[in-house]
There are 2 protein chains.
Amino acid sequence: MVPRRKTRVAAPPPVCPLTTCMRLLGGAWTPNILWYLRESPRRFSELKGDLQGVSAKTLSARLRKLERDGVLSREVKPTSPPTVEYRLTTLGGRLIPAIEAIVDVGHQLKRLRAVR
Amino acid sequence: MVPRRKTRVAAPPPVCPLTTCMRLLGGAWTPNILWYLRESPRRFSELKGDLQGVSAKTLSARLRKLERDGVLSREVKPTSPPTVEYRLTTLGGRLIPAIEAIVDVGHQLKRLRAVR
DNA sequence: CTGTATCCTTGGCGATACTG
DNA sequence: CAGTATCGCCAAGGATACAG
């Protein structure tokens with residue numbers, strides 16, 4: 001008679017690094033924003049075009065939160081008309097490998113089956 | 001009088017690989033569920049204990065969706081009282097590297113600063 | 001133990017209009 | 001161009017009660 005196994009899954013993270021990170025990625029458009037910033041800075045309207053269907057309000061809110069979280073930086077260019085450039089910070093860059101892993105799985109899924 | 005209609009025109013989101021994969025991971029507890037299943041099967045109440053604070057309704061809903069998506073399988077054991085085991089499918093296993101990448105960033109964040 | 005049914009609150013997000 | 005303000009819908013999710 002085997003006693004009830006104590007499947008304490010390895011070292012269950014106390015306050016969950018997973019949750020810690022997912023708080024940064026939370027929100028419908030957040031991963032996509034970071035994805036489009038992964039190689040070069042983008043302007044507000046460029047991002048709005050990249051993320052087909054996002055509202056200005058939501059994009060603005062996400063960008064401000066990501067800035068507060070230290071994931072990206074905002075720079076106003078003294079041009080006319082004014083333009084604003086967003087770019088990943090060092091911290092933001094650390095998130096890219098995780099997003100790449102997600103994108104990679106997405107590719108696998110598309111090959112495996114026609115996903116809706 | 002018919003109040004003016006609130007143009008309910010859901011914009012079809014672009015289906016990039018990132019979005020494709022995030023649909024599987026969408027939902028507050030989903031990544032954590034997969035994380036706790038990564039090494040061994042777990043029962044309903046075990047998962048409920050792992051995910052401190054999740055309601056039975058939500059956990060049930062997430063598990064059913066993940067089952068429909070082919071990410072995990074559900075097996076009813078003919079014991080008394082009945083127990084149910086959930087385990088990752090092959091497809092579910094493919095998601096683990098992505099989640100590990102997220103967990104890894106979470107660890108980095110915790111080292112870098114005290115994250116709320 | 002393993003869920004499902006019902007009710008209710010919260011907030012995420014789009015749409016629209018307006019500002020610098 | 002780059003946002004902010006306001007409105008309102010709707011779905012995610014907790015609480016609770018109930019069922020097999």
Side-chain angles (χ1 to χ4, degrees), chain A residues 3-5 7 16 19 22-33 36-37 41-69 72-87 116, chain B residues 1-14 19 22-33 36-37 41-69 72-87:
Chain A
R4 182 104 196 82
R5 64 173 180 202
T7 44
C16 224
T19 303
M22 286 306 287
R23 273 186 222 185
L24 295 189
L25 297 179
W29 300 96
T30 306
N32 276 297
I33 291 173
Y36 283 112
L37 287 175
R42 306 281 285 164
R43 293 188 296 105
F44 186 87
S45 60
E46 287 176 328
L47 286 171
K48 192 159 187 318
D50 294 335
L51 309 169
Q52 283 293 104
V54 74
S55 65
K57 175 196 165 190
T58 297
L59 179 54
S60 176
R62 291 285 138 253
L63 288 171
R64 277 187 282 109
K65 181 183 189 307
L66 289 170
E67 190 186 2
R68 282 200 312 275
D69 288 340
L72 54 77
S73 64
R74 178 177 182 277
E75 183 192 2
V76 179
K77 299 271 192 166
T79 57
S80 177
T83 61
V84 181
E85 256 189 13
Y86 296 91
R87 74 180 64 221
R116 52 181 165 286
Chain B
M1 257 324 135
V2 178
R4 81 154 135 103
R5 40 177 285 123
K6 262 310 190 183
T7 48
R8 170 75 185 87
V9 187
T19 304
M22 286 307 287
R23 279 189 201 174
L24 294 189
L25 297 180
W29 300 96
T30 306
N32 275 297
I33 291 174
Y36 283 112
L37 286 175
R42 305 280 285 165
R43 294 189 295 105
F44 186 87
S45 58
E46 287 176 328
L47 286 171
K48 190 157 187 320
D50 293 336
L51 310 169
Q52 283 292 105
V54 73
S55 67
K57 174 197 165 188
T58 298
L59 179 56
S60 176
R62 291 284 138 253
L63 288 171
R64 277 188 283 107
K65 182 184 188 309
L66 289 170
E67 190 186 3
R68 281 201 312 276
D69 288 339
L72 55 78
S73 65
R74 178 178 181 275
E75 183 192 2
V76 179
K77 300 269 192 168
T79 56
S80 177
T83 63
V84 181
E85 257 191 13
Y86 296 91
R87 74 180 62 221

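Chain identifiers are assigned alphabetically (A, B, ...) following the order of the sequence lines, protein sequences preceding nucleic acid strands; residue numbering begins at 1 within each chain.
- Rounded to whole Å, atom P of C:dG14 lies 12 Å from atom CD of A:Q52.
- Considering only side-chain N and O atoms, A:R43 lies nowhere under 4.0 angstrom from the phosphate OP1 or OP2 of D:dC1.
- For A:S73, the side-chain contact (heavy atoms from CB on, under 4.5 Å) criterion is met by A:R87, A:T89, not counting sequence neighbours.
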What are the atom names and distances for every N/O pair under 3.5 Å that joins the protein to nucleotides 18-20 of chain C?
none

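- Summarising the geometry, the separation between CG on A:L51 and P on D:dA2 is reported as 14 Å, rounded to the nearest angstrom.
- Here A:R42 pairs with A:D50 under the side chain to side chain donor-acceptor pair (under 3.5 Å) rule; sequence neighbours left out.
- Across C:dG14, C:dT2, D:dA2, the shortest atom-to-atom separation from the side chain of A:W29 is found for C:dG14.
- Counting heavy atoms from C-beta on, the side chains of B:P31 and A:M22 come closer than 4.5 Å.
- When rounded to the nearest whole Å, the span between CZ of A:R23 and C1' of C:dG12 equals 17 Å.
- Looking only at side-chain heavy atoms (C-beta outward), A:V54 and A:K48 come within less than 4.5 Å of each other.
- Under the 3.5 Å distance criterion, the side-chain polar atoms of B:E46 are matched with a main-chain donor or acceptor of B:R43.
- Summarising the geometry, atom CZ belonging to B:R62 is positioned 10.0 Å from atom NZ belonging to B:K57; distances are rounded to the nearest 0.5 Å.
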Using a cutoff of under 3.5 Å, can you pull out all pairs of nitrogen or oxygen atoms linking the protein to nucleotides 4-6 of chain C, with atom names and distances?
{"residue": "C:dT4", "atom": "OP2", "partner": "B:S60", "partner atom": "OG", "Å": "2.3"}
{"residue": "C:dT4", "atom": "OP2", "partner": "B:R64", "partner atom": "NE", "Å": "3.3"}

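- For A:Y86 and D:dA2, the OH to P distance is 8 Å, given to the nearest whole Å.
- At a threshold of 4.5 Å between non-hydrogen side-chain atoms, the residues B:L59 and B:W29 do not count as touching.
- Distances from the side chain of B:V84 to the nucleotides C:dG3, D:dA2, C:dG14 place C:dG3 closest.
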Evaluation steps, side chain to side chain contact (heavy atoms under 4.5 Å, CB included), between B:S60 and B:L63: CA-CA 5 Å; B:S60 176; B:L63 288 171; 5.9 Å; no

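- For B:S55, the side-chain atoms get nearest to D:dG14 when compared with the rest of D:dA2, C:dC1, D:dG14.
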Applying side chain to side chain contact (heavy atoms under 4.5 Å, CB included), run through B:Y36 and B:L51 and close with a yes or a no. CA-CA 9 Å; B:Y36 283 112; B:L51 310 169; 3.7 Å; yes

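- Comparing C:dC1, D:dC1, D:dG13 by their nearest atom to the side chain of B:P81 picks out C:dC1.
- To the nearest angstrom, P of C:dG12 lies 7 Å from CZ of A:R62.
- Rounded to a whole Å, the CG atom of A:L59 is 13 Å from the C1' atom of D:dT4.
- In the helix from C:dC1-D:dG20 to C:dG20-D:dC1, the rotation axis of the first five pairs and that of the last five pairs differ in direction by 50°, rounded to 10 degrees.
- Counting only heavy atoms from C-beta outward, the side chains of A:Y86 and A:L66 never approach each other to under 4.5 Å.
- With sequence neighbours excluded, no residue forms a side chain to side chain donor-acceptor pair (under 3.5 Å) with B:T30.
- Of the listed nucleotides (C:dG3, D:dG3, C:dT2), D:dG3 has the atom at the smallest distance from the side chain of A:R74.
- C:dC13 atom C1' lies 15 Å from atom CG of A:N32, rounded to whole Å.
- Comparing D:dG14, D:dG3, C:dG12 by their closest approach to the side chain of B:T58 singles out D:dG14.
- If you measure from atom CD of A:E85 to atom P of D:dA2, you get 10 Å, rounded to the nearest angstrom.
- At a threshold of 4.5 Å between non-hydrogen side-chain atoms, the residues A:V84 and A:R74 count as touching.
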